[in-house]
Structures are given as C-alpha cells and as structure tokens.
Amino acid sequence: MNKKNTSQARHAALSAFAGTTLEFYDYYVYALASTLVLGKVFFSSQTTLAADLASYGTLAAGFLARPLAGVVFGTLGDMWGRKKVLTITVVLMGFATMGIGLLPSYTTIGIGAPIALVLLRILQGISVGGEWGGGVLMASEHAASGWKTFAASFAQLGSPAGMLMALSAFRLANSFGEATFFAWAWRVPFLLGGVLALTCFLLRRKLTETPDFLAALSAGQAAFEHPLKKLNGHWPSVFYAGAAVVIGSAGFFFMNTFLLGYATQYVHLPSNVILNTLFIATCFQLLTQPLAAFLAEKTGEVPFLLSSAALCILMPYPVFFSLQSHNLVLISCTITLAIVTLSAFYAVIAGYIVHAFPVSSRYTAISIAYQSSAALVSGFTPLIGTLIASHYAGNWFPLALFFSTLALISILGVVGLNQSNKT
C-alpha cells in the first residue's frame, strides 16, 4: 500500500469514526433524554410509567424508519458510491438533532409537540439508516488486506465516543440544577449535535471513493443492475447477519438506556450514580474496543465472536445483583465488565458481516441486516425492559433472562452466517 493509499485509509477510518460518533452521540442523547426528561416535557400524562412508555415509544419510532432508509441509502451507496450518500446522511442527522433541541414543549404548543418530536425522531432514524453501513464500508474498503476488520472497528468506535460525549453533555446540563435542567439546559446536548454535524460534513468533503467500489464501477457492476436483484441467493446471509448484530446493538440500549431508568425507579439509586458508572465503563470501552478488533483479526473472527457472545449471556446476572446491593464499587465493576464484553463483540461484528456479501450489493445488504435488527429488536429493548420491570416489580431475573436471550440470538446468527458463507 503506497503512502497516498495509506493516507486515504487513515482519513477514511477517521471519517467513519467521526460520522458514527455523531450518529451515536445523537442517538444516545435522545436515549438518555427519553429516560430523564422527554416524557415530562413533551407528553401530558401524569403517571411516570405512561410518560416513560410514550418517551421510549418515540425512541422506537426512530428505529422503525431505519430498515426502509437502509434499503434506500444502501441502494444509492451501491450505485452512486459510498461518499455521496455519507454526505447526505450527516446533514440530515445534524438537522434532526438540532430541531429536537429547538422544539417547543407540550405546555407551549400542545399536541403539536409530541407529533413534531416523533417526526424529527423518524428523520434521525432515516439518516442513521444510511450512515452506519457507509461508515463501515468507507473504513473497511480503504484498508489493506489483513486490516479490514480492524479498520471497520473505527466505525464501531463511534459508539463509545458518542456515548462519552452524550454523557458529558448531560452531566454538564445536570450541573445547573434540576429546575434549570428541565427548563432549558436539557436542550444544550441536542444543539451541540449541529456543531458536530458541520465538522463531519467538512471532513467528508476531503474523502475519495473506496477502491473496492471504483473497481466494481469500472467492471460495470455498480451502476447497471439494482443491488436488491444482486442479493438473490444472499437473503439467508442477510437474515443471519441481522441476527448476529443483535447483542452488539440491543445490548447497549439495554445497558445505557433502560438500566438508567430501572436503577433510578426500581432500585432507587440517584441518576448521577448510574451516569457516572456508565461514563467510567464507556471510557474502558473506548480503550478496549480497538484491541478486541486487532485480536480478532489475528486469531479468527468467528471464535472471537462466539466467545464474547457466550460471555454476554452471563453478564446481566452480576449486574442486577450488584444493583440490589447498592454497593457503588461493585455496581461500577459489573457494569463496566458487561459493557467491555459487549463492546468486544460489537467491535468485530461489522467487519465480519461486510465480507459475507459482494461489493456491488454490500452497502444494501449490511444496511438491511443491521437496520432491520435495530428496528425489530434494539429500538424496542428499553420499551420491553420497562414492561418486564413493571410486570415483575421487585424481580430482576426476567430482565437478566431477556438480556441473555439477546446474546443467544447473536450466537445463532454468527453460526448461521458462518455456515452460509461456506456453502
């Protein structure tokens, strides 16, 4: 790989990291806000459970838009190129996030507030539907052979970076005091999303198209046949890929979103305790995720993914036990261990599923797989967790079992995709 290609590979990895950082920052900001404030600001219900369910419902609404967006942007990315689509998605994401930060409350404009919130949330989902797949491919397809899974992990690294920024933004907003936080300070993290979007837009303008796409274009594979037609014969792999990514996506929304609400409402821990714990855990995630991708690239992706997913099955039990103990050190250790284990799987799964599909339909395939999984499972994880917690109040075992089931689905997906690739 010459110096120019090496420079582009690094720039692509940086761009993928910046774009998915924005993506996850915006999503985590919304997820945290849905737990802490949105139910009270945008919905009129007087009961905490109803407000939480309505707020988590808007969180899920954004996920429902993602599969269709994955098809549309994935198709365009396979026909027009990765760079053009990624420029569009970052603009949409910044607009939607700033819009939420500027949206009047229910007491100001009534029913128009939750309606506008849902529409902006759907726009967020549409932009993410094209962002993730393009970011992964931009990093992976620019990288040299033997480094593609590691390069793809930089797109995944946007998750902890975005989470750290979101947590920092909300810690800052909370520092003004509860009254100020609910009055206006909660809006600041959303407005910062617009600044991040502008930075990503400027960074992406300097990118070149990926060598893999240009090779497919020159061979006539990219422009003349619809990518969905090229997926004929690959749909089982799309299904298995969607199952494989479940714990890497839904697991984080369980730990970073649902658990915050659960710990404050059912275990009666101060929200700052869990926010601080998540901040520590995410710092460890940011450091260990690239190491996990490097190790998997050198030792084998499938054994690494199966091992980390198997560990994920066990993780929720010590987490819930520690929450019941109210021991802050134990809580911090168990949640950190769970998130680091999740992140090890998450770091590797993107690069693994990329190479299950041909270049000319790759953007479409991985976008459909990931976004459909996100819509059907991840977006509803906090909502399902809330319903389970409400039904089994005082009993955390069904919640732990729910998390273990998510990890088991990923194991079945990795095994199925591995076998599908061999046939």
Table please: side-chain donor-acceptor pairs of residues 306-313 below 3.5 Å, with sequence neighbours left out.
{"unit_1": "Ser307", "atom_1": "OG", "unit_2": "Pro303", "atom_2": "O", "d": "2.8"}
{"unit_1": "Ser308", "atom_1": "OG", "unit_2": "Phe304", "atom_2": "O", "d": "3.0"}
{"unit_1": "Ser308", "atom_1": "OG", "unit_2": "Leu305", "atom_2": "O", "d": "3.1"}

For the student: nearest non-hydrogen atoms of [X] and [Y], plus distance:
X	Y	answer
Ser322	Leu330	CB-CG, 3.6 Å
Val348	Ala293	CG2-CA, 4.0 Å
Ile100	Trp186	O-CH2, 4.0 Å
Met79	Phe213	O-CZ, 3.8 Å
Tyr363	Gly130	OH-O, 2.6 Å
Ala356	His234	O-ND1, 4.3 Å

Counting C-beta onward and ignoring hydrogens, is there a side-chain heavy-atom pair between [X] and [Y] closer than 4.5 Å?
X	Y	value
Glu131	Phe73	no
Met165	Val29	no
Val319	Leu259	yes
Leu137	Val359	no
Tyr352	Val302	yes
Phe345	Val414	yes
Leu103	Phe190	no
Leu14	Phe154	no

Short question: side chain of [X], backbone of [Y] - any donor-acceptor pair under 3.5 Å?
X	Y	answer
Ser15	Ala12	no
Gln289	Ala347	no
Glu209	Arg82	yes
Ser420	Leu417	no
Gln371	Leu68	no
Ser373	Ala369	no
Ser140	Val136	no

Atom pair [atom1]/[atom2] of [X] and [Y] - distance to nearest 0.5 Å:
X	Y	atom1	atom2	answer
Ile115	Leu119	CD1	CG	7.5 Å
Ile411	Ile247	CD1	CD1	9.5 Å
Leu22	Met93	CG	CE	6.0 Å
Ser168	Tyr25	OG	OH	9.0 Å
Thr264	Asn272	OG1	CG	11.0 Å
Asn256	Met163	CG	CE	3.5 Å

Heavy-atom neighbours of [X] [atom1] exceed 12 at 6.0 Å:
X	atom1	answer
Phe17	CZ	yes
Phe402	CZ	yes
Phe182	CZ	yes
Phe181	CZ	yes
Lys84	NZ	no

Check whether the side chains of [X] and [Y] place a donor and an acceptor atom closer than 3.5 Å, and report yes or no.
X	Y	result
Thr20	Gln156	no
Ser105	Thr108	yes
Gln285	Ser343	no

Item to complete: Assign the ring pair Phe258 / Tyr262 to parallel, tilted or perpendicular, where the plane angle (0 to 90°) is split at 30° and 60°.
Response: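 Tilted, since the angle between the ring planes falls between 30° and 60°.
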Practice prompt. Please work out which of the three classes, parallel, tilted or perpendicular, describes the rings of Phe320 and Phe254, given edges at 30° and 60°.
Written response: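 Aromatic pair Phe254/Phe320 classed perpendicular.
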Worksheet item: Where do His355 and Lys148 land on the side-chain contact (heavy atoms from CB on, under 4.5 Å) test, with the steps shown first?
Response: CA-CA 9 Å; His355 303 295; Lys148 290 185 176 295; 3.6 Å; yes
Fill in: Set of side chain to side chain donor-acceptor pair (under 3.5 Å) partners for Thr87, sequence neighbours left out
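Partners of Thr87 under the side chain to side chain donor-acceptor pair (under 3.5 Å) test: none.
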Worksheet entry | side-chain contact (heavy atoms from CB on, under 4.5 Å) evaluation trace for Ile339 with Leu278 | CA-CA 9 Å; Ile339 287 179; Leu278 290 175; 3.9 Å; yes
